[in-house]
Amino acid sequence: MNIRLRRDGSASLYPPAVFANIDTLFNSTESNGIMTEVKISEPYGRLTSKMALQLAAPHTWPAAILPCLVAVACAMATCRSVSWTLSLTLLAICVLMQSAVNTFNDYFDYVKGADSADDNVEVSDATLVYNNVNPKHALYLAIGFLVAAFLLGIYPIIVAGWIPLAIAAVAAVIVVLYSGGKTPISYLPIGEVVSGVVMGGLIPLACYQVLTGWLNWLMLIWAVPCIINVGLIMMTNNTCDIEKDIEAGRRTLPVLLGHDRARSVYHDLMVASLVIMVIVICDFFPKGLVVLPFMALGIWANFKALWSNPLVGPSRIPAMSQVGGFNVMTGAFYAAAIMANSVAALVL
């Protein structure tokens, strides 16, 4: 627990920071003598399984699950038959990679002081801020997620060869660079693009290659809606956090664009994602067009809510929920349309 004592006798509390030595009490006085700091650190608590799950952030897993699902649907559409054992293994690997990204991000943001209780986040979405646990344990957890993903990856590598290993290695490096290092990718204007290409593009490409044995670059075209949608998740967070990011010295895309232009680009990307879905289905999977009216009905309420969200700090929590729903519904309907094309091709 940290206690800030002001000269007027008032005090404020803020979440625990990282201390080199716990159980240490020290005082510091500013040069002008106006404020005295009293910091009291308590022994770290245990990182529970509940906290580990919160760090893994299951509400973000659709960013990894749906691109994999789209790849499975595309593999079914072009090869008619896929291994469900391989498909489930790939799905687990994608979830573990996403969990590693989330945990690394929480760890590095916390130790750099970028996260606080004033950032309009839910308690379950800021585990290190609201719980007195050793942040190094979160780092070990993130590494554990990566190791588990690579161990599971042995099976697809045996089946499909070195190509998925190469793609996974590139993705793993980006996972670390995304949150770590002197200048993390997430702090730069390319953060949305990088996260979108890796999670929404490279993952489907690798999954498709494992399931079919064919490195088909068309998969990247079919995955464009996934790339955009994953990028939208990060852009939602960054647009809501513009003021906080400016203070922290981050140069994210919304910071460079400004709030109004960022929100305009955000709306353009929402529309582009849906338009490209329709184009891909019409050109490559035309028998799946029957699903589109159901998609329009299914996503309308969520689309309208996300479109109307002002994307500012106080609306961050509902915005993240809405963009998650947008990803789930559009991704699921997109995969369903591609699968419908496969089913229709077999029946007709």
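These numbers come from a predicted model, not from an experiment. The first residue in the sequence is number 1, and the count goes up from there.
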- Query: Y110 and L141: same hydrophobic cluster, using ILVMFWY side-chain contacts below 4.5 Å?
  - Reply: yes
- Give a yes or no on whether V170 and W162 share a hydrophobic cluster (residues Ile, Leu, Val, Met, Phe, Trp, Tyr; joining criterion: side-chain heavy atoms under 4.5 Å apart). yes
- Message: Can you confirm whether more than 12 heavy atoms, excluding those of W300, are under 6.0 Å from its CH2 atom?
- Response: no
- Task: Treating Ile, Leu, Val, Met, Phe, Trp and Tyr as nodes and any side-chain heavy-atom pair under 4.5 angstrom as an edge, say whether L256 and V312 lie in one connected cluster.
- Result: no
- Task: Scan side-chain atoms only and decide if S99 and W61 contain a donor-acceptor pair under the 3.5 Å cut-off.
- Result: yes
- Query: Picking from N105, N102, N327, what satisfies side chain to side chain donor-acceptor pair (under 3.5 Å) with T60?
  - Reply: N102
- Could you pull out the closest heavy-atom pair between N309 and R263, with the gap in Å? O-NE, 3.0 Å
- Give the minimum heavy-atom separation between A73 and M339, together with the two atoms involved. CB-CG, 3.6 Å
- Message: For a quick test of reading the model, state the closest non-hydrogen atom pair linking V280 to I221 and the distance between them.
- Response: CG2-O, 4.2 Å
- Query: Which pair of heavy atoms, one from L66 and one from A332, lies closest together, and at what distance?
  - Reply: CD2-N, 3.9 Å
- Query: Side chains of C68 and S87: closer than 4.5 Å at any heavy-atom pair?
  - Reply: no
- Message: Before you tell me yes or no, could you show the steps for N341 and F284 under side chain to side chain contact (heavy atoms under 4.5 Å, CB included), namely the whole-Å CA-CA distance, both residues' side-chain angles and the distance that decides it to 0.1 Å?
- Response: CA-CA 9 Å; N341 183 83; F284 297 98; over 6 Å; no
- Do D260 and S264 have side-chain heavy atoms sitting under 4.5 Å apart? no
- Task: Using atom types as modelled and distance alone, determine if a side-chain donor or acceptor of H259 lies under 3.5 Å from a backbone N or O of C240.
- Result: no
- Item | D245 backbone acceptor or donor facing R251 side chain under 3.5 Å | no
- Query: How about N216 and T78: does a side-chain donor come under 3.5 Å of a side-chain acceptor?
  - Reply: no
- Task: Could you state whether F104 and L47 fall into the same hydrophobic cluster, counting links through intermediate Ile, Leu, Val, Met, Phe, Trp or Tyr residues with side-chain heavy atoms under 4.5 angstrom apart?
- Result: yes
- Task: Could you check F333 against V291 for side chain to side chain contact (heavy atoms under 4.5 Å, CB included), going step by step and ending with a plain yes or no?
- Result: CA-CA 7 Å; F333 278 114; V291 174; 3.9 Å; yes
- Message: Using 30° and 60° as the class boundaries, would you call the ring planes of Y140 and H137 parallel, tilted or perpendicular?
- Response: tilted
- Side-chain contact, heavy-atom cut-off 4.5 Å: Y107 with L55? no
- Message: Quick check against the 3.5 Å criterion: does S342 have a side-chain atom that pairs as donor or acceptor with the backbone of A77?
- Response: yes
- Query: So, S308 side chain and A305 main chain: donor-acceptor pair closer than 3.5 Å or not?
  - Reply: no
Compile the donor-acceptor pairs under 3.5 Å between side chains in residues 188-199 and protein atoms, sequence neighbours left out, one pair per line.
unit_1 : atom_1 : unit_2 : atom_2 : d
E192   : OE2    : N238   : ND2    : 3.0
S195   : OG     : G191   : O      : 3.0
S195   : OG     : E192   : O      : 3.0

- Audit row: L96, L146, side chain to side chain contact (heavy atoms under 4.5 Å, CB included) steps and yes/no: CA-CA 7 Å; L96 287 168; L146 274 183; over 6 Å; no
- Message: Tell me the closest heavy-atom pair linking L257 and V265, and the distance in Å.
- Response: CD1-CG2, 4.0 Å
- Task: Test V72 against M76 for side chain to side chain contact (heavy atoms under 4.5 Å, CB included), laying out the working first.
- Result: CA-CA 6 Å; V72 172; M76 291 177 61; 4.2 Å; yes
- Message: Restricting to non-hydrogen atoms, name the atom on A223 and the atom on G201 that form the minimum distance, rounded to 0.1 Å.
- Response: CB-CA, 4.4 Å
- Item | Check: L274 and M270 side chains under 4.5 Å, non-hydrogen atoms | no
- Do the side-chain N and O atoms of T85 and Y155 include a donor-acceptor pair separated by under 3.5 angstrom? no
- Task: Measure the acute angle between the ring planes of Y208 and W222, then classify it against the limits of 30° and 60° as parallel, tilted or perpendicular.
- Result: perpendicular
